[in-house]
Amino acid sequence: MSTRSGSWVTAAFFWLLGPLVIVFCLGGGILGVGPAWRAQFGEGTTGTFTADRTECRKGCLIYGDFVSADGGVSRSDVLLLDGPERMDPGATEPAKYTGGESSVYSTSGGASWLWVLGMALVGAVVAVGWLAFGISWLRARRRRSA
């Protein structure tokens with residue numbers, strides 16, 4: 001591979017993949033950190049999650065419906081986080097709704113808040129690195145063209 005094609009591949013990788021990682025990790029982390037943090041510290045609306053389906057690949061994801069204890073909050077087709085590995089359709093689990101639109105958290109607790117926080121931190125580090133490298137690249141390019 002020549003230097004010219006190597007720099008093109010590096011630039012394409014950097015300019016295309018960098019923003020995707022930033023949007024996915026930082027965006028997803030920021031959106032998820034609040035609900036996960038509230039669940040970790042026992043905040044939220046308590047209710048019951050009823051399993052509807054389980055999708056297993058390398059791990060299992062359990063989807064179903066959530067209804068608060070007072071009946072005031074209901075969410076359908078949400079993901080149960082920090083719950084058991086598997087649930088049969090119709091099985092129930094105590095859960096908390098903490099504001100996320102697509103998930104609820106088992107009251108048994110778990111480490112999903114660490115995953116979401118880690119994802120946000122990775123996105124922030126990649127964003128800082130991407131900006132620093134981009135500024136450096138632009139300055140070097142201006143010096144070469146001057």
Side-chain angles (χ1 to χ4, degrees), residues 1-69 72-87 89 93-146:
M1 181 186 305
S2 72
T3 306
R4 187 153 189 82
S5 67
S7 67
W8 178 86
V9 170
T10 302
F13 184 77
F14 176 77
W15 292 114
L16 295 175
L17 189 60
L20 289 174
V21 170
I22 293 166
V23 167
F24 178 76
C25 289
L26 189 59
I30 287 172
L31 291 175
V33 77
W37 188 265
R38 287 189 292 275
Q40 176 62 25
F41 294 101
E43 297 175 18
T45 304
T46 303
T48 303
F49 173 85
T50 304
D52 182 41
R53 72 183 191 285
T54 301
E55 296 177 4
C56 296
R57 288 178 189 90
K58 290 183 180 179
C60 292
L61 301 174
I62 304 167
Y63 293 90
D65 301 326
F66 171 83
V67 177
S68 65
V73 177
S74 65
R75 295 283 183 260
S76 59
D77 198 34
V78 293
L79 174 64
L80 177 66
L81 298 171
D82 296 336
E85 286 186 31
R86 292 179 184 262
M87 289 178 72
E93 173 81 8
K96 285 194 176 276
Y97 170 71
T98 58
E101 288 303 310
S102 61
S103 60
V104 295
Y105 294 83
S106 172
T107 57
S108 60
S112 63
W113 71 280
L114 287 172
W115 285 103
V116 174
L117 185 60
M119 193 165 83
L121 291 174
V122 165
V125 168
V126 171
V128 168
W130 188 80
L131 286 172
F133 184 81
I135 290 168
S136 172
W137 182 79
L138 287 172
R139 286 182 180 163
R141 188 171 174 175
R142 268 193 237 145
R143 278 193 296 263
R144 281 191 301 263
S145 65

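As the structure is a computational prediction, the values presented were derived from the model and not from experiment. Count residues from 1 along the sequence.
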Closest heavy-atom pair and its distance - Thr45, Ser68: CG2-CB, 3.4 Å

Pair Thr46-Lys96, side-chain donor/acceptor within less than 3.5 Å: yes

For the student: nearest non-hydrogen atoms of Ser76 and Asp65, plus distance: CA-OD1, 3.1 Å

Straight-line distance of Met87 CE to Ser106 OG, nearest 0.5 Å: 8.5 Å

Value rounded to 0.5 Å, distance of CD1 in Ile62 from OG1 in Thr50: 12.0 Å

Minimum-distance pair of heavy atoms, taken over all atoms of Pro35 and Gly100: CG-N, 3.8 Å

Report, one line per pair, each donor and acceptor closer than 3.5 Å where one atom sits in a side chain of residues 78-86; sequence neighbours left out.
residue	atom	partner	partner atom	Å
Asp82	OD1	Ser112	N	3.2
Asp82	OD1	Ser112	OG	3.2
Asp82	OD2	Ser112	OG	2.9

For Thr98, the option from Gln40, Arg38, Glu43 that meets side-chain contact (heavy atoms from CB on, under 4.5 Å): Arg38

Over all atoms of both residues, closest heavy-atom pair of Val122 and Cys25: CG1-SG, 4.2 Å

Closest approach of Tyr97 to Ser103 (non-hydrogen atoms, all atoms of both residues): CD1-O, 4.3 Å

Value rounded to 0.5 Å, distance of CZ in Phe133 from CG in Leu138: 10.0 Å

Stacked cation flag Arg75 on Phe66, 6.0 angstrom / 45 deg: no

Nearest non-hydrogen partners of Gly32 and Tyr105, listed with the distance: O-OH, 4.2 Å

Close side-chain approach of Ile22 to Val126, heavy-atom, < 4.5 Å: yes

